[in-house]
Protein chains: 2
Amino acid sequence: MDLTPFSTRQRILGAAEELFARHGFAGASLRQVTASAKVNLAAVNYHFGSKENLIEEVFRRRLDELNARRTELLAQCRDRADLGLEDVLDAFVRPALELSLSDAGGAAFVRVLARAYAEHDERLRRFLSDNYGHVLKEFAAVFARLLPQLDKEELYWRLDIVSGALTYAMADFGVLKRRSDVSEQEHRERTASHLIRFAAAGLRAA
Amino acid sequence: MDLTPFSTRQRILGAAEELFARHGFAGASLRQVTASAKVNLAAVNYHFGSKENLIEEVFRRRLDELNARRTELLAQCRDRADLGLEDVLDAFVRPALELSLSDAGGAAFVRVLARAYAEHDERLRRFLSDNYGHVLKEFAAVFARLLPQLDKEELYWRLDIVSGALTYAMADFGVLKRRSDVSEQEHRERTASHLIRFAAAGLRAA
DNA sequence: CTTAGATTCAAACGGCCGTTTGATTCGCCT
DNA sequence: AGGCGAATCAAACGGCCGTTTGAATCTAAG
């Protein structure tokens, strides 16, 4: 009987995701990762080449899907005649919300994403910018159309603030604790909804 | 001629601040810290007892002053008759802004603070909550008075989002690059000003 | 000057780190 | 059945980690 139907590769990625979320990239060792994944220590370097590459693969596995979904929802926005700020914000936030609800690893990954910002690592930033920067550009263009009163610089300031608030809130970094009478799913959906209303008001500010 | 007029203790704290900001708590080693501070390796354990305690002291040194200044500005708010949201937000943001402009270490510390959120470390969170939680409570009370239309839960949601956006923006985590024709000081002041306007609009949202 | 306490120092401690090796096992194809 | 590449394994590599030691060096009071 095989209790571990997932491949060695997948089990490593899953364990790395959770441990990186909890202890950071430097703080989580490959020994912890491989022990948690119940695979041999050498498997990481066999399948990924190095810890650095493993980190990149942890991002790639989730971001490919996340950004495809964002692009898809944004395309739906473009067709709408009565498009509101809230719709575009939803197209950006909802995929992250869905990811965080999909499974335990998805929730962990949202925290990993937030850690990536804090790390300020140049290689990691370039990797993210090279692979997923175009999606952010597409969103910025749609926001620009909806907020014609803002000049380009002002718009970029505000989008930067929005992405910060979003990253922070979805990663559950705040001090706000989930009430015990609210399910994890309900809690996250409320977070997203509050976030969108707050961000829309901030973007519209005089 | 003594080129290093600061005490061993202070030089360790300064070097630790900068290296923790750049590489994180796990990523910056005591060997890097003591080399950068030009002190003996053993000095850290002599003066602070452990790396954990050093981390706490890095926080204490700056937060005591930061929160005293916040409390002071908040007290001035209480006396004003025509108090606006922006004034209270300013009382919260300005001390962080002043700190980040005071010296290189201050700017580094603002990033260290943001890292503390990302670390999600239980001991660190308790330390921050125990020592500085009362200041946040005072601000929350004043915000509650200015936003009577929001119930308590709604208010806490929004303040949580505000503190996230603030932490993220002041730590320069965004992708927005400072324009070369704007000084570092001017850049940070604009950040604070944009932040306050954005947050005020978000807090006022219907 | 002497002495006691505070501080600094080089060196070493055991332990964990990321990575590599070379042998062994597995799964599949002819 | 035999062979071959892919995958797994235990073991070891050099190196850096946080911490401790005990001697050397300061500093200031008796």
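Below, chains carry the letters A, B, ... as their sequence lines are ordered, and counting in each starts from 1. What's counted below: heavy atoms across the whole structure, side chains too, no hydrogens, waters or symmetry copies. Predicted model, so just to flag it, every value in this text is computed and none were measured.
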* Partners passing side-chain hydrogen bond (donor to acceptor under 3.5 Å, both in side chains) against A:Asp87 (at least two apart in sequence or in another chain) -> A:Arg80

* Sugar-phosphate only, base, or nothing, as touched by B:Ala43 at under 4.0 Å among non-hydrogen atoms -> nothing

Which donor-acceptor pairs under 3.5 Å do side chains of residues 96-107 of chain A form with protein atoms, sequence neighbours excluded?
from, atom 1, to, atom 2, distance (Å)
A:Glu98, OE1, A:Arg69, NE, 2.9
A:Glu98, OE2, A:Arg69, NH2, 3.3
A:Ser100, OG, A:Leu97, O, 2.8
A:Ser102, OG, A:Leu99, O, 2.7
A:Asp103, OD2, A:Arg62, NH2, 3.4
A:Asp103, OD2, A:Gly105, N, 2.9
A:Asp103, OD2, A:Gly106, N, 3.2

* To do: Shoot me the first and last contacting nucleotide of DNA chain D against chain B, ordered 5' to 3', at under 4.0 angstrom to non-hydrogen atoms.
  => D:dC17 to D:dT21

* Structure fact -> residues 26-53 of chain A vs ring pair (Phe, Tyr, Trp, His ring centres under 6.0 Å), sequence neighbours excluded, gives none

Acceptor/donor pairs from residues 113-120 of chain B side chains to any protein atom, 3.5 angstrom cut, sequence neighbours excluded:
from, atom 1, to, atom 2, distance (Å)
B:Arg115, NE, B:Phe20, O, 3.3
B:Arg115, NE, B:Ala21, O, 3.1
B:Arg115, NH2, A:Ala118, O, 3.2
B:Arg115, NH2, A:Glu119, O, 3.1
B:Arg115, NH2, B:Arg22, O, 3.3
B:His120, NE2, A:Asp172, O, 3.1

* Could you list by number each residue of residues 46-56 of chain B showing a heavy-atom separation from DNA chain D of less than 4.0 Å, or answer none if no residue does? => B:Ser50, B:Lys51

* Structure fact -> Those residues at least two apart in sequence (or on a different chain) that pass ring-ring contact (aromatic ring centres under 6.0 Å, His included) with A:His187 are B:Trp157

* To do: Could you check whether the rings of A:Phe59 and A:Phe25 sit parallel, tilted or perpendicular, using 30° and 60° as the cut-offs?
  => tilted

* Asked: How large an angle, rounded to 10°, do the end axes of the helix from C:dC1-D:dG30 to C:dT30-D:dA1 enclose when each is built from five base pairs?
  -> 10°

* Any residue meeting side-chain hydrogen bond (donor to acceptor under 3.5 Å, both in side chains) with A:Arg60, in chain and number order, not counting sequence neighbours -> A:Glu57

* Asked: Starting at the 5' end of DNA chain C and moving along, which residue's nearest nucleotide shows up first, A:Ser29 or B:Leu41?
  -> B:Leu41

* side chain to side chain contact (heavy atoms under 4.5 Å, CB included) partners of B:Arg179, counting only residues at least two apart -> A:Glu153, B:Asp181, B:Val182, B:Arg190

* To do: In whole angstrom, give the distance that lies between atom CG of B:Asn40 and atom C1' of C:dT8.
  => 6 Å

* **A:Asp160: salt bridge (Lys or Arg N to Asp or Glu O under 4.0 Å) partners, not counting sequence neighbours** => none

* Who pairs with A:Arg123 by side chain to side chain contact (heavy atoms under 4.5 Å, CB included), at least two apart in sequence or on another chain? -> A:Glu52, A:Asn53, A:Glu56, A:Asp121

